[in-house]
Amino acid sequence: MHFPGFHVEAAKMLIEETAARSIGVDTLSLDFGQSTDFVTHYAWLPTGRFGIECLANLDKVPASGATIVVGAPKHRGGTGGPARIFAMT
């Protein structure tokens with residue numbers, strides 16, 4: 001598969017220099033499509049943050065000022081699952 005993702009250095013910068021608790025992409029993974037080591041996942045997720053994949057209509061969300069709401073059911077024993085996500089602008 002061929003699609004972009006977060007470079008591990010970008011993820012590390014967000015961890016070290018911001019209060020970001022989540023990152024989101026409109027692709028299938030936080031890592032780029034041909035990743036075999038998933039280094040961004042392994043850098044980001046163990047810090048207690050989460051990633052959101054397969055987002056739609058990101059081009060309609062302003063660069064700042066929106067409130068993002070993530071509604072997800074509890075998942076027992078799982079590492080992820082579906083969520084309903086919307087932006088209030």
Side-chain angles (χ1 to χ4, degrees):
M1 291 188 279
H2 296 273
F3 53 82
F6 281 93
H7 191 280
V8 68
E9 293 302 321
K12 288 179 181 178
M13 185 274 306
L14 290 169
I15 291 166
E16 296 168 5
E17 299 179 20
T18 75
R21 302 302 303 154
S22 178
I23 52 178
V25 294
D26 60 354
T27 60
L28 298 175
S29 177
L30 302 179
D31 289 278
F32 70 99
Q34 292 182 305
S35 176
T36 58
D37 57 7
F38 304 102
V39 67
T40 299
H41 276 82
Y42 288 115
W44 185 259
L45 299 176
T47 65
R49 293 165 170 86
F50 62 97
I52 305 170
E53 299 162 345
C54 299
L55 291 169
N57 298 315
L58 291 176
D59 59 322
K60 296 182 174 110
V61 179
S64 64
T67 299
I68 307 299
V69 178
V70 180
K74 292 183 179 182
H75 301 286
R76 183 176 300 158
T79 59
R84 175 75 62 179
I85 300 162
F86 59 93
M88 297 187 300
T89 58

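No experiment lies behind these values; they were computed from the predicted model shown.
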Find the distance between [atom1] ([X]) and [atom2] ([Y]) and round it off to the nearest 0.5 Å.
| X | Y | atom1 | atom2 | result |
| --- | --- | --- | --- | --- |
| Leu14 | Glu9 | CG | CD | 11.5 Å |
| Trp44 | Lys12 | CH2 | NZ | 13.0 Å |
| His7 | Leu30 | NE2 | CG | 14.0 Å |
| Leu58 | Asp26 | CG | CG | 5.5 Å |
| Ile85 | Leu55 | CD1 | CG | 5.0 Å |
| Arg49 | Ile23 | CZ | CD1 | 9.5 Å |

*Stepwise side-chain contact (heavy atoms from CB on, under 4.5 Å) test for Val61 and Ile68*: CA-CA 9 Å; Val61 179; Ile68 307 299; 4.3 Å; yes

Determine yes or no for a side-chain-to-main-chain donor-acceptor pair under 3.5 angstrom, with Thr89 supplying the side chain and Ala66 the backbone.
no

* Quick one: does Asp31's side chain have a donor or acceptor within less than 3.5 Å of a partner on Thr40's backbone? -> yes

Go through Met88 and Val69 one step at a time and tell me if the side-chain contact (heavy atoms from CB on, under 4.5 Å) criterion holds. CA-CA 8 Å; Met88 297 187 300; Val69 178; 3.9 Å; yes

*Report the C-alpha distance between Glu53 and Leu28 in whole Å, list the side-chain angles of each, state the deciding distance to 0.1 Å, and finish with yes or no for side-chain contact (heavy atoms from CB on, under 4.5 Å).*
CA-CA 6 Å; Glu53 299 162 345; Leu28 298 175; over 6 Å; no

Show the nearest heavy-atom pair for residues [X] and [Y], with the distance to one decimal.
| X | Y | answer |
| --- | --- | --- |
| Ala83 | Ala72 | CB-CB, 3.9 Å |
| Ile52 | Val70 | CD1-CG2, 3.8 Å |
| Gln34 | His2 | NE2-CE1, 2.9 Å |

- Taking everything shown except Arg84 itself, do over 12 heavy atoms lie less than 6.0 Å from its CZ? no

Take atom CZ of Phe3 as the centre, draw a 6.0 Å sphere, and report whether it contains more than 12 heavy atoms from other residues, nucleotides or ligands.
yes

Kindly determine whether Tyr42 and Asp37 satisfy side-chain contact (heavy atoms from CB on, under 4.5 Å), including the steps that lead there.
CA-CA 9 Å; Tyr42 288 115; Asp37 57 7; over 6 Å; no

Note to self: Tell me whether Met13 shares a hydrophobic cluster with Phe6, the cluster being built from Ile, Leu, Val, Met, Phe, Trp, Tyr side chains joined at under 4.5 Å.
What the structure shows: yes

